[in-house]
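First comes the structure, then the notes that go with it.
Naming convention: chains lettered A, B, ... in sequence-line order (proteins, then strands); numbering from 1 in each chain.
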Amino acid sequence: MFEKLVENIKDYRKPLAFGIARVDLGQLNHDKVLQATYPVINWNENFGSAAVFIRSLIECGVDVNFNDSEFVAPINKSFVDRALEFFGEDLIAEAVGDKHKNIQVLKVLKDIFEEELYDNYRICFLFEDAAPKSVESVYLKLYALSTRKVPLRSINLNGAFGVLHNVAWVGNVPIELEYLKAHEIEMKLRDSFPEIEYVDKFPRYLSHIIPEENIRILDTSKVRFGAQIAPGTTVMPGASYINFNAGTEGPVMVEGRISSSAVVKEGADVGGGASILGVLSGTNGNPITIGRNTLLGANSVTGIPLGDGCIVDAGIAVLEGTKIWISEDEFNKIKEVNPSWNAEYKEYFKGLELAGLNGIHYRFDTTKGKMVAFRSRREVKLNEELH
Amino acid sequence: MFEKLVENIKDYRKPLAFGIARVDLGQLNHDKVLQATYPVINWNENFGSAAVFIRSLIECGVDVNFNDSEFVAPINKSFVDRALEFFGEDLIAEAVGDKHKNIQVLKVLKDIFEEELYDNYRICFLFEDAAPKSVESVYLKLYALSTRKVPLRSINLNGAFGVLHNVAWVGNVPIELEYLKAHEIEMKLRDSFPEIEYVDKFPRYLSHIIPEENIRILDTSKVRFGAQIAPGTTVMPGASYINFNAGTEGPVMVEGRISSSAVVKEGADVGGGASILGVLSGTNGNPITIGRNTLLGANSVTGIPLGDGCIVDAGIAVLEGTKIWISEDEFNKIKEVNPSWNAEYKEYFKGLELAGLNGIHYRFDTTKGKMVAFRSRREVKLNEELH
Amino acid sequence: MFEKLVENIKDYRKPLAFGIARVDLGQLNHDKVLQATYPVINWNENFGSAAVFIRSLIECGVDVNFNDSEFVAPINKSFVDRALEFFGEDLIAEAVGDKHKNIQVLKVLKDIFEEELYDNYRICFLFEDAAPKSVESVYLKLYALSTRKVPLRSINLNGAFGVLHNVAWVGNVPIELEYLKAHEIEMKLRDSFPEIEYVDKFPRYLSHIIPEENIRILDTSKVRFGAQIAPGTTVMPGASYINFNAGTEGPVMVEGRISSSAVVKEGADVGGGASILGVLSGTNGNPITIGRNTLLGANSVTGIPLGDGCIVDAGIAVLEGTKIWISEDEFNKIKEVNPSWNAEYKEYFKGLELAGLNGIHYRFDTTKGKMVAFRSRREVKLNEELH
C-alpha cells in the first residue's frame, strides 16, 4: 500500500533519515532557525511513514527536491490532516506508547494546529549522508548520534559549525545575542535580564535526550548534544567533559575529558581530570579509542589509542611522541596478548608505535626518570555499586 | 513529663535520630519516594520531642515498630494536632527563631493541612546506625553529615545507592525518567520539555543546606548532598568536586577534587585540578585525610594521607606505590617533626610508608628524574582576604 | 553648553567613570546593597552627560561630595525629569539604538517611575581610581573590565572582597543567607525553597555582560564577573575557569584555568585542565602573561610568564623554581628570537630566569628524567572552524 503512494512520484528516493521538528526562530530575525527539537527521529527505517509524509507534502503543493542531499519544509494543518488520512483510523488508534511514534507526532500536532496556526514546525529528510546544509539536518544528525542510532564517527558533520548560530541559552531556549543587545537597557533597568546559562552553537545533551535508566550525568554542562552515552555510564561534575561525536560504548566512569571524536569502551574508567586528546588538538587528526576495562589515572593525558586492559598511571602523559622504555621480558609478554603486533624489540618505543595495544601498563619510574611500559598485571573493573 | 508519655509504650526505644520531611513522590509511580526534604533534623538530641511524636503516632493508630533499625510513617492533620496538644500553648508560643524548631515544623504543618490533606509528609526515626533501608533514612543521614551533626566517615551509609532512585532533576524537583519518556513527544512539540540540570541518585548540597555566612560555593554542581563544608571554605568552579561523605573540617580553599571519604583539615589548600583519591579509586580502600595547612599543588594527585604542613608540588602524583628518594639528613629532620614515626633510614620509601607524616615537601627533581621528599621549609597559610 | 551647567558648582570635578544602576537590596536588611546592575557605564568619556547628572542631583537637593574618590546617590523621578530637560527634546528623540545611551537609560527610567516610586536606582561617580568603598563602585569597575573599557590589571580593586556581601544566587537574584535561614522551615515544608545556583560575593560574567557575536562560553559558572573575554574566545566546560581581573586579549581556546590577574594573548591555546597560576597562589605575586600563539598542553601547569610561540607539553609543570636543562645550541637559537635577553650560557636555568621569553618549547625528557627547553619548531595556530 505504501509503495502505491510513491509509485507516481517523479525521482522518488527513500530517505536515509527523516523527522518532524519544532524549531526555535530568531527573536529579531524570524527567518533564522536557532534550534530544532525532534520528538522522534527515523534513521534508515520506517520508509512507509516517509512515503506518507512525502506524498502528503506533494499533495499540499510542496515541491519536494530529491536531487539534493537533504530537504526541509514547513508543515501545516493540511499536511497533518492528509498524512493522518493516509495512515488511517486503525493505525491512529494503535499509535500509543511505543507504537507508531511518527503517527503519535501527527496526533499531537493535530491538536496543536487546532489551537493556532504555528509556523515553527518542519519536516526534514536526509537523502544521503552529505555535509549538512541546514540547522534542521545538523540537529537530525546530532539526534542520530545521541540516540545511538548511528555509531560515533560514522556520519558526516563537516561544516556543522558553520551552519549553526551562536546564541545565548536561557534554559532550553536559544536567544539571539543581537536581540539581547537591542533590549539590554530596558531589561536591565526593569529587572528582566534573562539568566544566560551558556553561549554556544550547540545545545546540551540533556536538553534533547532522556537518558536510559542507569545513566548518570551530574551536571548538564558536561555533555554536549551529539555526544553518545551508553547505559551504565556515569559522568561526574569535576573536570569531566564529553564533546559531540564522542562518548562511551558501554558502562564507563567518566571523571575526565572525552574530546571530540574520542570513543571509550565498556568497563573503562576515565579518572578525575584525565584528558583524552581529540582530533582537534594533539593527535594529528588520529581519533582515539580507549579499550575495554582500561584505566586512565587521575590527571593523566592520553594522546594515543589504547587497547583493552591497559593502565595509564595517575599524572603521566602518554603522547604520540613520548619515548617509552620496555624491557625485553615485558616486550615479549606484551606480544603474547597482542599476537598481530609484529614489532622487533628495541629499548625505546614512541607512544604512537604502541597505539591500540592491549594489556599495557604505562608508568613513570620515579627512581630512574624514565617513562616505562610493561604488561599490565591486573584487570581493571568498575566498582559496581558506588559513585 | 515527657517520660510519662512513653512509660506505657511497649518496647519504647529512644531514637538515634528523627525528623519530619516533605517527600517528592514519583510522577508515574506515586508510591516511589524520590526525595525527602527535612526542615529540621535531630541527631542524638531532643528526646522529649521524639517521645511526643511517637506517642502521637500511636494515638493516631500507627503501629510503631521499635525492633527495626528505622521507622518511617506518613503523618496527617490529626498527628499534628495531637503533637501540638502535647507540647502545650506555652512551648508553642515560644517556638520562633532558634527555639523549639520541631514545634515550628508542626506549626507550619498545621497551616498546610488546613488548606488541603497532603499525603507527602513523613516522620522518620533511626533507632540505630544500621544500613539505611528507605529514601527517608538515607536523606536523614545525608542531612546529618551536611549539617555537621556527625563527623565525616562516622555513619553507616552502606547500600545507600541501592535505596535511592536515579532521576532527572529540574531545579530542586526530581522527575522519573520513565515519566519524561512517556510524555516526550507531547512535551517536545508543545515546547514544555523541562530543563534537566542533572541526572543522579543524589541531589546537590545547596538544594538542602543553607551554608554558613563565610562559605562560598561558586557552582552548585560541585558539591553533592552529604558532603560536609566547614565555615571559611571556598569551592571554586574549575575542576573542583566534593563527593558525599567527604569535605572540609575548617577553612579550606578547594579548587580540586575531594573524592568520597576524603577529609581535608583547616588551612589546607587543594590547588586547581588537584585530585585526592577516594576509597572507590586508587587507595585500596584507605580513606585519605589531608592535614592542617597542607598544600596540594595545581594538578597534583595524592593517593596517601598527608599530615600537617606538607606540600605536594604542582603536577606530581604521590601514590601508595610511588618510590620516593629521601636524603639521610632530610630523613632525620622529618623524624624530628614526627616523633612517633619509627622507621629506619633507607634511600627509597614507598608513598604508603610516608602516609600521614607531617611537614614533608614532595617534589619531582627535574635534573635527576627522581621523586624526592624533604622537610618542608615553609608553613602553608591561606590568603585571608581573597579568592 | 554643558560647561555652563557646571561653572558655578563648587569644587566640580570631572568623574573618571559614572553610571546609573538598578540595585538589589537585602531581603532582611533593606539598607544592604547586594548587587548593582548597570545598563550603560561611562569610563573617561561622556563628560557632558556627567555634568547634566551632577547638575540635576544638585538641583534635587543632593549634596554631591567631590572630595572623596567616589560618590553614590539614589535617584528619583524628579532627578530623571530634570536631567531629561537639560538634554532637551532633540537629543531625546535621537537617543535610540547606539546613540546617547545615557539618555536612553533616563527614558526607560521615566517610564518606570511613572508606574511606581522605586528606591533601588542609584547613580555612581568615580572621581579617581582609588580602592572602591561601595558595592556600586566595585560593580562599576567590574563592568569596566568586562566591557573591555579598561585593560586587565589596570585598575584598583583593593578591598573589593571586603565591600561585597556573600549571598546565595538564584538566577540573577542575590538573596541574603540570613533571610533563607529565617524562612527555611516554611520554605522547605511548602516546597518553595529556592534553587540556589551558587554562593559567592561576585556574580557571573553572563549575568551582566552580553558577549560579542563570536565568543562562546559553554557554562556560565566558568567565568566570574570582572573577567575580560576578547572576541573569538571559546571557554569550554571541562576544567576551565576565568577569574575576575583575568582573561583573554584576543581569540583564545580556553579549556583550563586562567587565575586572577593572568592574561592570555591572541592565538594562544589553554589546553584541557591546564593551570595558569594566579597572584594568589604560587607566583610570589608576579602576574602571568601568556604570549601570542602559545600552547599550554593538557594538564600542564605554568607558573611563569611565557612569550609568543611557546609550547608547554601536556602534563608538565613549569614553575619559578623548576630547573630546566638547555643545550648550548638551543640556548643560542633561543637568544636569536629574544635579542634583548642577555643571559650567559649554563646547563640549568630556573623557570623564573626564562620568564617571558619567546619561542621556547618546554618538554620533559622521559628517557633522561630531565625537564628540557629548546627552540620551539612550530608556530601554534588555533583551529579556525571547530570546537
- prompt: Taking the side chain as C-beta and beyond, is there a heavy-atom pair between B:L177 and A:P211 under 4.5 Å?
  reply: yes

query: Which bit of B:D191 comes within less than 4.5 Å of chain A, counting heavy atoms only: side chain, backbone, both or neither?
result: both

message: Within a 6.0 Å radius of atom NZ on B:K346, are there more than 12 heavy atoms belonging to other residues, nucleotides or ligands?
response: yes

message: Shorter than 4.5 Å, heavy atoms on both sides: which option in A:G238, A:A298, A:G171, A:S240 has the most such pairs with chain B?
response: A:G238

query: Taking all atoms of both residues into account, what is the closest heavy-atom pair of A:L206 and B:F193, and its distance?
result: O-CE2, 3.7 Å

message: If you count every heavy atom of other residues, nucleotides or ligands that lies below 6.0 Å from A:K368 atom NZ, does the total exceed 12?
response: no

- request: First locate atom NZ of B:K188, then atom CG of A:N172, and finally report the distance between them rounded to the nearest 0.5 Å.
  value: 10.0 Å

- prompt: Looking at B:Y241, B:W169, B:W325, which has the largest count of heavy-atom pairs under 4.5 Å with chain A?
  reply: B:Y241

- prompt: Where do B:E195 and A:V173 land on the side-chain contact (heavy atoms from CB on, under 4.5 Å) test, with the steps shown first?
  reply: CA-CA 9 Å; B:E195 191 200 344; A:V173 182; over 6 Å; no

- prompt: How far apart are the C-alpha atoms of A:E213 and B:K181, what are their side-chain angles, what is the distance that settles it, and do they pass the salt bridge (Lys or Arg N to Asp or Glu O under 4.0 Å) test?
  reply: CA-CA 11 Å; A:E213 280 299 292; B:K181 283 215 174 110; 5.4 Å; no

query: Side chain, backbone, both or neither: which part of B:R257 has a non-hydrogen atom closer than 4.5 Å to chain A?
result: side chain

- request: Could you tell me which non-hydrogen atom of B:L319 sits nearest to which non-hydrogen atom of A:A314, and how far apart they are?
  value: CD1-CB, 4.0 Å

task: Please look at A:I215 and chain B and tell me whether the side chain, the backbone, both or neither of the residue comes under 4.5 angstrom of a heavy atom of that chain.
output: backbone

- request: Would you mind checking which part of B:E178 comes under 4.5 Å of any heavy atom in chain A, side chain (CB onward), backbone (N, CA, C, O), both or neither?
  value: both

query: With only heavy atoms counted, which part of B:P194 is less than 4.5 Å from chain A, the side chain, the backbone, both or neither?
result: backbone

query: B:K222 versus chain A, heavy atoms under 4.5 Å apart: side chain, backbone, both or neither?
result: side chain

query: CD1 of B:I324 to OG1 of A:T366: how many Å apart, nearest 0.5 Å?
result: 7.0 Å

- request: List for me each residue that meets side-chain contact (heavy atoms from CB on, under 4.5 Å) alongside A:A95, sequence neighbours excluded, and say none if there are none.
  value: A:H100, A:I103, A:Q104, A:K107

field: Toward chain B, the part of A:F364 with a non-hydrogen atom under 4.5 Å
entry: side chain

message: Taking side chain as everything from C-beta outward and backbone as N, CA, C, O, which of these in B:A239 sits under 4.5 Å from a heavy atom of chain A? Side chain, backbone, both or neither.
response: both

message: Has B:Y198 got a side-chain atom pairing as donor or acceptor with A:P237's backbone, closer than 3.5 angstrom?
response: no

field: Between A:N214, A:D219, A:V108, the one whose heavy-atom pairs under 4.5 Å with chain B are most numerous
entry: A:D219

Nearest non-hydrogen partners of B:V301 and A:G315, listed with the distance: CG2-N, 4.5 Å

query: Roughly how far, to the nearest 0.5 Å, is the OG atom of B:S221 from the CE atom of A:M236?
result: 11.0 Å

Which portion of B:S300 sits near chain A, non-hydrogen atoms under 4.5 angstrom: backbone

- line: Turns out that what part of A:T37 lies under 4.5 Å from chain B's heavy atoms comes down to side chain

- prompt: Of all of A:G272, A:G369, A:G297, which one pairs up most often with chain B through heavy atoms under 4.5 Å apart?
  reply: A:G272

statement: Closest non-hydrogen contact found for A:E115 with B:R190 is OE2-NH1, 3.1 Å

statement: Ranking B:V167, B:I316, B:N166, B:L189 by heavy-atom pairs under 4.5 Å to chain A gives rank one to B:L189

- request: With a 4.5 angstrom heavy-atom cut-off, could you sort out which part of A:K370 is near chain B: side chain, backbone, both or neither?
  value: neither

message: Under a 4.5 Å cutoff for heavy-atom pairs, which residue among B:R204, B:M187, B:E347 has the most contacts with chain A?
response: B:R204

Closest heavy-atom pair and its distance - A:R216, B:K201: CD-N, 4.1 Å

field: Proximity breakdown for A:V40 and chain B, heavy-atom pairs closer than 4.5 Å
entry: side chain

- line: So, the part of A:D365 with a heavy atom under 4.5 Å from chain B: the answer is backbone

- request: Please test B:F202 against A:L218 for side-chain contact (heavy atoms from CB on, under 4.5 Å), starting from the C-alpha separation and ending with a verdict.
  value: CA-CA 9 Å; B:F202 286 71; A:L218 274 70; over 6 Å; no

